[in-house]
Amino acid sequence: MKKYYITTAIPYVNGNPHLGHAMDYLLADVLRRYMMMRGKDVRVQAGTDEHGSKIYKKAAEQNIPVQEFVDKNAKSFQDFIHSLDAEYTDYVRTTDEDHVRRCQLIWEKLSDHIYKDSYEGWYCEGCERFVTDKEYDENGGNCPDHNKPYQKLSEENYYLRIADFKDQIREVIEKDELNICPAFRKKEFLNLLDDMPDVSISRPKEQVIWGIPVPGDESQVMYVWIDALANYITVLGYPEKDITDSWPADVEIVGKDILRFHAGIWPAMLFALDLPMPKNILVHGFVTVGGQKMGKSLGNAIPPEEIIEKHGLIPFRYYFLRHGSTTDDVDFTWEKYEAAYNELANDLGNLVQRLATLCGKNGVNGIKVEETENKEFDERMEKFEFNFGFDILWGQIQDLNKRIDEEKPWSVAKEDLEKAKEILRSLVQDLVNICPRLEIFIPDTAKKIVEIFTAEEISAPKTPLFPKN
Ligand code: MSP
């Protein structure tokens with residue numbers, strides 16, 4: 001069986017993991033858990049993008065040898081992924097020997113589509129890309145994502161002839177053979193495609209020391225994006241190993257700022273290598289704070305640990321996966337976060353506490369989780385509308401709250417114990433049946449609920465699941 005292969009963007013290691021990175025990992029984790037539930041053999045790649053001048057400069061600023069610097073930061077990204085209760089099966093660091101060697105082999109395979117040329121243009125180091133004169137003018141000479149002026153670079157570089165593949169790229173995207181989700185991003189990208197210039201795929205070594213040497217030309221290193229995009233296949237062993245058990249990727253998860261690389265340069269590379277296209281690119285929005293983009297280069301990032309420390313990981317996952325749209329921007333403020341925590345406590349925490357207490361009092365036991373279907377949920381998940389999938393589950397939880405209030409098992413128990421037990425049994429059964437799906441989003445809580453209600457003797461937890469401060 002071909003593996004269900006999910007990829008995540010590999011962050012630059014010039015700083016610590018931030019909330020923006022968390023989106024990639026959380027979405028990948030939701031998809032991983034969902035696909036496992038559907039019986040797929042899932043493979044998830046994660047990694048770190050460790051080359052390029054901004055990383056080199058950051059290490060120099062901190063007076064740390066660059067290899068030591070990237071080692072330390074790669075470790076913090078790995079720890080970060082684990083702290084989100086997300087898992088990867090494969091981790092690639094672009095400074096890994098295997099990756100470097102495989103990238104050089106890939107370069108050689110691309111050679112029919114590579115030429116050398118000199119170029120003068122505007123470059124943003126934050127984005128690690130040249131911008132067109134039009135973009136330069138539109139943005140008044142400043143990168144809007146990094147709040148920094150563009151630099152003038154004039155260099156002799158190698159180019160990848162994107163023009164060779166534009167028609168093919170357009171065709172696979174239009175036919176959804178390479179499906180870009182959400183659809184408005186697909187349109188946005190197709191509008192860009194015609195004007196997309198050939199891409200410079202190397203930098204002079206005297207400008208960028210920290211990169212993979214171009215095979216056969218000691219004066220050049222690879223452009224960091226070529227090295228980075230290749231990670232999705234080098235991690236599988238390409239071109240030294242057969243990758244057909246995993247490639248093509250089923251879903252590549254990326255933020256909206258890097259779609260153009262994944263829908264333009266990457267497909268061009270894949271066509272040149274004669275490899276199939278990924279099936280889907282899932283594009284998420286930005287995490288903003290009070291409406292402003294967050295990022296390392298902007299220096300306004302709220303450390304995710306700070307949020308997790310407040311109420312633990314589950315409210316963090318709940319907030320970003322339910323209140324954050326899968327594909328639009330999601331804004332964080334502490335007020336909204338507290339409101340979401342209260343929702344968890346009121347809708348779910350209270351329900352569990354009330355039901356468990358009533359079951360204990362009235363001797364309801366012997367509940368088991370049953371396998372159920374939920375087509376509406378599957379439809380949302382298959383379209384990668386994870387927050388709407390989560391909403392469906394939450395709606396079921398809210399319905400249970402209504403039912404318990406209407407059916408009042410505590411008062412029925414005074415007159416007809418058997419009837420009260422029946423009501424409770426039915427409520428609890430429906431609650432535990434939601435849990436296998438709930439586990440996709442808030443794993444620990446879902447597991448705890450199952451534990452509480454499938455115990456030999458049901459009793460209320462000593463501390464509620466979401467204690468009020
Ligand atoms: N190194 C490249 C990716 C190479 S993938 C072959 C890069 N790194 S990054 O650190 O800038 O971004 C990594 C991921 O985090 C990207 O998906 C990016 O969109 C995402 N985010 C970075 N800042 C973000 C927000 N403020 N909000 C949401 N995600 C954003 O780009």
Side-chain angles (χ1 to χ4, degrees), residues 6-28 45-55 58 70 73-74 76-77 80-81 84 86 90-95 99 103 106 124-129 143-148 185 199 201 210-211 222-235 249 251-267 269-270 278 281-304 320-321 324-332:
I6 303 169
T7 71
T8 58
I10 54 172
Y12 296 119
V13 288
N14 54 333
N16 291 323
H18 62 63
L19 287 177
H21 303 131
M23 279 324 280
D24 277 326
Y25 301 133
L26 288 181
L27 298 181
Q45 153 283 7
T48 27
D49 195 351
E50 304 184 5
H51 286 125
S53 46
K54 71 176 167 192
I55 289 167
K58 199 72 184 190
V70 298
N73 285 354
S76 72
F77 275 93
F80 180 58
I81 299 173
L84 300 174
D90 302 86
Y91 195 91
V92 55
R93 296 184 51 191
T94 57
T95 54
H99 173 79
C103 263
I106 288 173
C124 170
E125 201 171 72
C127 300
E128 292 282 15
R129 72 177 182 96
C143 171
D145 284 346
H146 297 95
N147 284 345
K148 277 197 188 141
R185 295 274 174 224
V199 52
I201 55 167
W210 190 240
M222 286 183 207
Y223 171 46
V224 64
W225 268 100
I226 293 297
D227 155 10
L229 288 164
N231 93 84
Y232 302 130
I233 49 177
T234 60
V235 74
V251 185
E252 297 202 330
I253 296 176
V254 300
K256 65 181 181 183
D257 55 331
I258 59 171
L259 173 62
R260 63 171 71 216
F261 299 96
H262 286 80
I265 304 175
W266 182 222
M269 288 169 70
L270 290 169
I281 302 181
L282 170 59
V283 190
H284 63 78
F286 277 149
V287 178
T288 56
V289 175
Q292 221 210 342
K293 185 194 164 189
M294 275 196 352
K296 286 170 294 213
S297 318
L298 296 175
N300 67 343
I302 300 187
F320 287 101
L321 291 171
S325 144
T326 308
T327 48
D328 291 327
D329 288 354
V330 38
D331 195 44
F332 179 87

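As the structure lists them, so they are numbered: ligands from 1, and atoms in each ligand from 1. Remember, predicted model here, so these are calculated numbers, not experimental data.
Classification of the Phe80-Tyr25 ring pair by plane angle, with boundaries at 30° and 60°, yields perpendicular.
Here the side chain of Trp225 pairs no donor or acceptor atom with the backbone of Ile201 at under 3.5 angstrom. The backbone N or O of His18 sits less than 3.5 Å from a side-chain atom of His21, completing a donor-acceptor pair.
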Are His284 and Phe320 close enough, and set up right, to give a ring pair (Phe, Tyr, Trp, His ring centres under 6.0 Å), and what steps lead you there?
CA-CA 12 Å; His284 63 78; Phe320 287 101; over 10 Å; no

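Ligand 1 has an N or O atom lying under 3.5 Å from an N or O atom of Val287, backbone or side chain. In terms of N/O distances under 3.5 Å, ligand 1 is approached by Ile10. Every N/O-N/O distance between Asn231 and ligand 1 stays at or above 3.5 Å. Considering backbone and side-chain atoms together, Tyr12 places an N or O closer than 3.5 Å to an N or O of ligand 1.
With Thr94 as the fixed residue, the side chain to side chain contact (heavy atoms under 4.5 Å, CB included) test singles out one of Val13, Ile10, Thr48: Ile10.
A salt bridge links Arg93 to Glu50: one of the charged nitrogens lies within less than 4.0 Å of a carboxylate oxygen. Contact check on Asp329 versus Lys256 returns a salt bridge, with a Lys/Arg side-chain nitrogen under 4.0 Å from an Asp/Glu carboxylate oxygen.
Residue Asp257 has at least one heavy-atom neighbour below 4.0 Å for each of these atoms of ligand 1: 18 (C), 19 (O). Close approach of ligand 1 to Gly255 (heavy-atom distance below 4.0 Å) involves ligand atoms 17 (O), 19 (O). For ligand 1, the atoms sitting less than 4.0 Å from at least one non-hydrogen atom of Asp49 are 1 (N), 2 (C), 4 (C), numbered in the order shown with element in parentheses. Atoms of ligand 1 found under 4.0 Å from any heavy atom of Ile258 (numbered from 1 in listed order, with element): 16 (C), 17 (O), 31 (O). The ligand atoms of ligand 1 that sit less than 4.0 angstrom from a heavy atom of Trp225 are 2 (C), 3 (C), 4 (C), 5 (S), 6 (C). Less than 4.0 angstrom separates some heavy atom of Ala228 from each of these atoms of ligand 1: 6 (C).
By the 4.0 Å heavy-atom criterion, Cys127 is excluded from the residues contacting ligand 1. The shortest heavy-atom distance from Met23 to ligand 1 is not under 4.0 Å.
Checked against the 6.0 Å centroid threshold, His262 and Tyr232 count as a close aromatic pair.
Among His262, His51, Glu128, His18, the residue whose heavy atom lies nearest to atom 22 (C) of ligand 1 is His18. Nearest-heavy-atom check against atom 6 (C) of ligand 1 across Tyr232, Phe261, Phe77 picks out Tyr232.
Under the 3.5 Å distance criterion, with hydrogens and angles disregarded, a donor-acceptor pair is assigned to the side chains of Trp266 and Glu252.
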